[in-house]
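Please read the structure below before turning to the comments.
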Amino acid sequence: MPKSRIRKKADFTPPPAAKQAASIKLTNRSWVAPVMLALFLIGLAWIVVFYVTDGDLPVDSFGNWNIVVGFGFIAAGFGVSTQWK
């Protein structure tokens with residue numbers, strides 16, 4: 001019986017992904033952490049100053065809305081934290 005020929009398969013070469021990865025430009029987000037921490041600290045300081053001064057500072061005309069302003073800074077810090085990679 002004759003021997004069958006053995007066909008050599010071509011080696012697998014993956015598609016060129018290096019060019020595609022190079023085309024994706026990652027932005028520099030080094031500003032996110034300092035801004036996030038600054039907003040957290042400003043919000044915390046705003047609330048602490050409001051309680052320590054019995055509502056006279058930081059803005060007397062806001063009254064108890066100073067607490068909302070402080071939590072607004074903290075919420076903005078959480079909003080900025082979503083940009084962190």
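The model shown is predicted, which means the values in this text are computed figures rather than measured ones. Heads up: numbering here begins at 1 and tracks the sequence.
Val59 has its side chain out of reach of Val69: every pair of non-hydrogen atoms, C-beta onward, lies at least 4.5 Å apart.
One distance of note links CG of Asp56 with CG of Asn66; it measures 10.5 Å at 0.5 Å rounding. With values rounded to the nearest 0.5 angstrom, Ile42 atom CD1 is found 11.0 Å from Leu37 atom CG. From Leu41, atom CG reaches atom CD1 of Ile74 across 9.5 Å, with rounding to the nearest 0.5 Å.
Sorted by first and then second residue, the pairs that involve residues 55-85 and meet ring-ring contact (aromatic ring centres under 6.0 Å, His included), not counting sequence neighbours, are Phe40-Phe78, Trp46-Phe73.
Closest of all the heavy-atom pairs between Gln83 and Arg29 is O-NH1, 3.0 Å. Looking at every heavy atom in both residues, Gly77 comes nearest to Met36 through O-CG, 3.5 Å. Val80 and Val32 make their closest contact through O-CG1, 3.5 Å (heavy atoms, listed as atom of the first residue, atom of the second, distance).
Checked by atom type and distance alone, the side chain of Asp60 never pairs as donor or acceptor with a backbone atom of Leu57 at under 3.5 Å.
Under the 4.5 Å side-chain heavy-atom criterion for ILVMFWY residues, a single connected hydrophobic cluster contains both Val52 and Leu44.
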